[in-house]
Amino acid sequence: WRKAFGFGRCGAGRTISSAAVCLLAIKIPVELLALVTVGIFYCLGVPVEQQDILQDFLKLKDPWLRGGIVMLAVAGAPIFEEILFRGIIYPVLKTHYGFIHAAWVTSLLFAAFHFHPPSVLPLFGLAMGFTLLYEWTGSLACCILMHSMFNTLSLCILLLKEVLV
C-alpha cells in the first residue's frame with residue numbers, strides 16, 4: 001500500500017521541501033486564474049459568490065464547529081482528494097492515455113468535484129500543480145502536504161480578511 005501510493009519514496013525533509021517549493025510556485029498563478037475568472041464573470045454580469053462551505057464557515061460562531069471545518073479542510077479533504085485524484089484516477093488514466101491526457105482530465109475532474117463554477121479555472125491550475133508534483137516526486141504524501149498547506153494558507157487569508165473587515 002505504501003509503495004502503491006508512493007509514501008515511502010521521499011523522506012520527511014524532501015516531502016516538506018518539495019511541497020513548500022511547489023506551493024510557492026503555484027499560489028500566485030492560481031490567484032491570477034481566480035482574478036481572470038472574476039473578471040470574466042463580471043464582464044458577463046454574473047455575480048461571484050464564495051463557496052457555500054466558506055459562507056457557512058464565516059457565519060459560524062461556535063469555535064468547536066469552526067475547528068471541525070478547519071480540520072476537515074486542512075487534513076480530511078487533502079487526504080481524501082489526493083488519494084482519489086492523484087492516487088487512483090490519475091495513474092489509471094495515465095496507464096491508458098498517457099501523461100498529458102491523464103493530467104488534464106484528472107485536473108478537470110478535481111475542479112468539477114468542488115461544485116463551484118467560479119473556482120473551476122483556479123482549481124484546474126492547482127490540480128495541475130498537484131499532478132506535476134506527483135510526477136516529480138512519485139509521492140502522494142507530497143501532494144497531500146501541499147494540498148494541506150494550500151488550504152491552510154487560504155483559510156488564514158480568509159480569517160485575516162474577516163478580522164480586518
Donor-acceptor contacts, no H, no angles, side chain residues 29-45, under 3.5 Å, sequence neighbours left out:
from, atom 1, to, atom 2, distance (Å)
E31, OE2, K27, NZ, 2.7
T37, OG1, L33, O, 2.9

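- Both L84 and L132 are members of a single hydrophobic cluster when ILVMFWY side chains are connected at heavy-atom separations under 4.5 Å.
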What pairs of donor and acceptor atoms, side-chain ones from residues 121-129 against any protein atom, are under 3.5 angstrom apart with sequence neighbours left out?
none

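- Expressed to the nearest 0.5 Å, how far CG of L58 lies from CD1 of I53 amounts to 10.5 Å.
- Between T106 atom OG1 and F113 atom CZ the span is 13.5 Å, to the nearest 0.5 Å.
- When side chains are defined from C-beta on, W136 does not count as touching C142, because their heavy atoms never get closer than 4.5 Å.
- At a threshold of 4.5 Å between side-chain heavy atoms, the hydrophobic network of Ile, Leu, Val, Met, Phe, Trp and Tyr places L54 and L60 in one connected group.
- One finds the CD1 atom of I79 at 10.5 Å from the CG atom of L145 (value rounded to the nearest 0.5 Å).
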Side-chain donor-acceptor distances from residues 93-101 under 3.5 Å, at least two apart:
from, atom 1, to, atom 2, distance (Å)
K94, NZ, E135, OE1, 3.2
K94, NZ, E135, OE2, 2.7
T95, OG1, P91, O, 2.8
H101, ND1, W104, NE1, 3.1

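- Using a distance-only test at 3.5 Å, with no hydrogens or angles considered, a donor-acceptor pair links the side chain of S148 to the main chain of V74.
- Residue P78 comes nearest to A73 through the heavy atom pair CD-O, 3.2 Å, listed as atom of the first residue, atom of the second, then distance.
- Atoms CD1 and CD1, on I88 and I83 in that order, are 7.0 Å from each other to the nearest 0.5 Å.
- In this structure, the side chains of S18 and L133 come closer than 4.5 Å at one or more pairs of heavy atoms.
- Exactly one of F85, Y134, F130, F110 qualifies for a side chain to side chain contact (heavy atoms under 4.5 Å, CB included) with Y90. That residue is Y134.
- When the side-chain hydrogen bond (donor to acceptor under 3.5 Å, both in side chains) test is applied to R14, no partner is found at least two apart in sequence or on another chain.
- In terms of heavy atoms, C143 sits closest to E82 at CB-OE1, 3.5 Å.
- Listed by chain and number, the residues in a ring pair (Phe, Tyr, Trp, His ring centres under 6.0 Å) with F57 amount to none (sequence neighbours excluded).
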> Passes side-chain hydrogen bond (donor to acceptor under 3.5 Å, both in side chains), H147 versus E81? Steps please.
Replying inline: CA-CA 9 Å; H147 195 149; E81 291 175 1; 3.2 Å; yes
In residues 153-165, what donor-acceptor pairs under 3.5 Å come from side-chain atoms, sequence neighbours left out?
from, atom 1, to, atom 2, distance (Å)
S154, OG, F150, O, 3.0
E162, OE1, R66, NH1, 3.2
E162, OE1, R66, NH2, 3.3
E162, OE2, R66, NH2, 2.6

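- Among all heavy-atom pairs drawn from Q50 and Q55, the shortest one is O-NE2, 2.7 Å.
- When the side chains of ILVMFWY residues are joined at heavy-atom separations under 4.5 Å, either directly or via intervening members, I144 and F80 end up in a single hydrophobic cluster.
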>> Quick one, H114 with S119, criterion side chain to side chain contact (heavy atoms under 4.5 Å, CB included). Give me CA distance, side-chain angles, the key distance, then yes/no.
In response: CA-CA 8 Å; H114 288 83; S119 298; 5.7 Å; no
